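If you're wondering where the values come from, they're calculated on a predicted model, not measured in any experiment. Naming convention: chains lettered A, B, ... in sequence-line order (proteins, then strands); numbering from 1 in each chain. No hydrogens, no waters, no symmetry mates; every other heavy atom, side chains included, goes into these values.
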Number of protein chains: 2
Amino acid sequence: MSSPAPGLREQRKARTRKAIQEHALRLFLADGYDATTVERIASAAGVSHMTFFRYFPSKEAVVENDEYDPMLVELIRAQPAGAGPLTALRNAVVGGIREVYATDKDALLVRTRLILTTPALRGRQWRNAESTQALFAEALATRADGGTTFELRVLAAAVLGALSTALAEWAEGDGADDLPTLMDRAFDALAHLDS
Amino acid sequence: MSSPAPGLREQRKARTRKAIQEHALRLFLADGYDATTVERIASAAGVSHMTFFRYFPSKEAVVENDEYDPMLVELIRAQPAGAGPLTALRNAVVGGIREVYATDKDALLVRTRLILTTPALRGRQWRNAESTQALFAEALATRADGGTTFELRVLAAAVLGALSTALAEWAEGDGADDLPTLMDRAFDALAHLDS
DNA sequence: CTACCACTTGATAGTCAATAACAGTTTTTC
DNA sequence: GAAAAACTGTTATTGACTATCAAGTGGTAG
């Protein structure tokens, strides 16, 4: 990633981007996703709707937060070589989430609930999961884990399904449960599928 | 399900619905999903665009084919009680797909490829998977399978992830592989995740 | 057979997301 | 300081989708 130069322009862009995102989330929570037009978000953030689309490719994209993927890939690669692929994924993901959870818990809950209750966002979410699946499978492959490419893809897909379920369960319970614990339980279930 | 009366009206509606769907798929394949407008589909089918939306809630919906879910749920319920939940799901799903595959293989391939290559349809597909996950989990629960509701949800999600991967692999290979065999391999991978 | 009723459809107009073209302004960069 | 590049707003257009209302069709009772 590049911070090419902290010039005035970059600072201003970062501020504009953040303003759009914050106003968008605020309005989504207040009035609902569908009832909030891009025009309204833009004017709340003090820009034109064209500028909105220059910062975010779509109305859906303003809710996303894909910053975790690269970190998780790093963590997967860093797992000791002896562990099996499921164990490696488990330790990497649960460890990574634990950190995110400690600092961004509330924001994560708000965003997750919004996504779960908005059909358009749910679809988007799953589409992202597909690229995450590919990243995970690739990271496992470079770790020289056993199994064919196909098997690693299946593994990554199964893990993502399990993680999504944990996240959904957590959000449905309004964040009362401990998310890393739920994810651990999800991984336990994966390890003993035919209980 | 109701066939209230095979009156002229019902026949006509069924014909219109089928015509819209067939023209839509034909045009999608010829010109691409995005390049095909609803207006064009409607006029090809000899109706107005309003009628299109009276038959299908959205442009995306015209590609779907959710008819398999009830059949799969029946098959899951019919599995012998002794088998573990993963085995039950495996036998039900692979058996069901084998039948579909024997009769609808070409149509399945065309539709799957279209969905995989069209971002908007991929999102829709995953959204449907969510309701399928709930149906599977519920079917397993009524079978009095071991495990909590949460664990069954995780299982259903993992299986759907694995199945999607098999379907994607099959479509990427232009249908050269045998789909039921691929699904069997996906289930094998699930059974030995930490290979 | 006819007259009535519910259902289905089309024409029209509108909203909203997303894209394109152009002009005006500001920040770099030399 | 001036030329080049980047950023933004205005306006217009496309296409998915909805609402309304008028007109046409099939089913049915008399």
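- A donor-acceptor contact under 3.5 angstrom links the side-chain atoms of B/Arg54 to the base of C/dG10.
- The distance between atom CD of B/Glu10 and atom C1' of D/dG27, rounded to the nearest whole Å, is 11 Å.
- Considering only the side chain of B/Lys59, D/dC17 comes nearest among C/dA18, D/dC17, C/dG10.
- Heavy atoms of A/Arg12 sit nowhere under 4.0 angstrom from any nucleic acid atom.
- Spacing between atom CZ of B/Arg124 and atom C1' of D/dA16 amounts to 13 Å, rounded to whole angstrom units.
- Summarising the geometry, the separation between CZ on A/Arg40 and P on C/dT15 is reported as 17 Å, rounded to the nearest angstrom.
- By the 30° and 60° cut-offs, the orientation of the rings of A/Phe52 relative to A/Phe56 is tilted.
- Taking side-chain N and O atoms only, B/Lys13 has a distance below 4.0 Å to OP1 or OP2 of C/dT8.
- Between B/Phe56 atom CZ and D/dA16 atom P there is a gap of 15 Å when expressed in whole angstrom units.
- At least one side-chain nitrogen or oxygen of A/Tyr55 sits closer than 4.0 Å to the OP1 or OP2 atom of D/dT8.
- Look at B/Asp188 and B/Arg90 and you find a salt bridge, because one of the NZ, NE, NH1 or NH2 atoms lies within 4.0 Å of a carboxylate O, short of that distance.
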**OP:** Go through B/Arg153 and B/Glu130 one step at a time and tell me if the salt bridge (charged side-chain N to carboxylate O under 4.0 Å, His left out) criterion holds.
**Re:** CA-CA 10 Å; B/Arg153 277 177 78 185; B/Glu130 236 168 297; over 6 Å; no
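- Here A/Arg98 pairs with A/Asp184 in a salt bridge; the nearest charged N to carboxylate O distance falls below 4.0 Å.
- The separation between A/Phe52 atom CZ and C/dC16 atom C1' is 13 Å, rounded to whole Å.
- Considering only side-chain atoms of B/His49, the nucleotide from C/dA17, D/dG15, C/dT12 that sits closest is C/dT12.
- Judged as a ring pair (Phe, Tyr, Trp, His ring centres under 6.0 Å), and not counting sequence neighbours, B/Tyr55 has no contacts.
- To the nearest angstrom, C1' of D/dT18 lies 9 Å from CZ of B/Phe53.
- Listed nucleotides D/dC17, C/dG10, D/dG9 differ in distance to B/Ser58; the shortest reach to its side chain belongs to D/dC17.
- Where A/Val47 and B/Thr36 meet DNA chain D, the nucleotide closest to each residue was compared, and A/Val47 sits on the side nearer the 5' end.
- Distance, A/Met50 CE to C/dC16 P: 18 Å, rounded to whole Å.
- Atom CG of B/Leu27 and atom P of D/dG15 are 14 Å apart (whole Å).
- Side-chain proximity of A/Thr37 to D/dG9, C/dA17, C/dT12: nearest is C/dA17.
- When the nucleotides D/dA16, C/dT9, D/dG9 are ranked by their closest atom to the side chain of B/Val38, D/dA16 comes out on top.
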